[in-house]
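First the structure, in the form of structure tokens, and then the observations on it.
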Amino acid sequence: MRTGSRRLHAGGVDARTTLGRHGEELAANHLRSQGFTVIEQNWRCSAGELDIIARSGRRFVFVEVKTRRSTRFGHPLEAITREKALRLRALARAWMRERDASGPIRIDAVGILLNGSTVDRLDHVEGIA
């Protein structure tokens with residue numbers, strides 16, 4: 001078992017998970033404010049997880065969310081590698097098969113920088129993969 005320096009909050013949830021979930025809620029609210037319909041959050045299968053599944057018109061939009069408190073390790077969106085983007089596309093196809101859904105899809109990313117609980121910057125990039 002790997003040990004590390006993760007700080008646990010009440011209920012055994014680590015600080016990164018708490019930060020990530022907060023960022024996902026902020027991103028979902030942003031998407032709604034832009035006219036998207038959020039269908040599902042945190043969908044999981046054996047191959048991985050999709051943070052947000054939304055609709056924009058007829059299009060299904062699968063959104064990866066990255067949240068950070070600083071740019072010390074770069075902008076949050078820099079964490080999405082080409083390999084990660086391709087995995088997101090494969091996960092989107094798996095979600096579509098599971099739901100027997102059809103229609104156009106797009107993979108987006110939302111990067112959020114927080115200052116405490118305040119959003120310093122929110123970047124929404126469409127069509128990353």
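In the hydrophobic cluster analysis, where Ile, Leu, Val, Met, Phe, Trp and Tyr join through side-chain heavy atoms closer than 4.5 angstrom, Leu114 is grouped together with Val65.
Residue Asp51 comes nearest to Val63 through the heavy atom pair CB-O, 3.3 Å, listed as atom of the first residue, atom of the second, then distance.
Put simply, the side chain of Arg32 never gets that close to the backbone of Ala27: no donor and acceptor are under 3.5 Å apart. Arg89 places a side-chain N or O within 3.5 Å of a backbone atom of Ala129 that can act as its donor or acceptor partner. Judged by distance alone, with hydrogens and angles left aside, the side-chain atoms of Arg69 form a donor-acceptor pair with the main-chain N or O of Gly116 at under 3.5 Å. Checking side-chain atoms of Asp108 against main-chain N and O of Gly127 turns up a donor-acceptor pair under 3.5 Å. At least one donor-acceptor pair under 3.5 Å links the side chain of Thr81 to the backbone N or O of Lys84.
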CA sep, side-chain torsions, deciding dist, call: Glu40, Arg99, salt bridge (Lys or Arg N to Asp or Glu O under 4.0 Å): CA-CA 12 Å; Glu40 191 170 346; Arg99 299 294 188 280; 2.6 Å; yes
Worked verdict on Glu49 versus Arg21 for salt bridge (Lys or Arg N to Asp or Glu O under 4.0 Å): CA-CA 13 Å; Glu49 176 183 1; Arg21 295 292 183 242; 3.7 Å; yes
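Annotation: the span from Phe62 atom CZ to Leu91 atom CG amounts to 9.5 Å, rounded to 0.5 Å.
Of the N and O atoms on the side chains of Asn42 and Glu24, at least one donor lies less than 3.5 Å from an acceptor on the other residue.
For residues 67-89, there are no ring-ring contact (aromatic ring centres under 6.0 Å, His included) pairs, not counting sequence neighbours.
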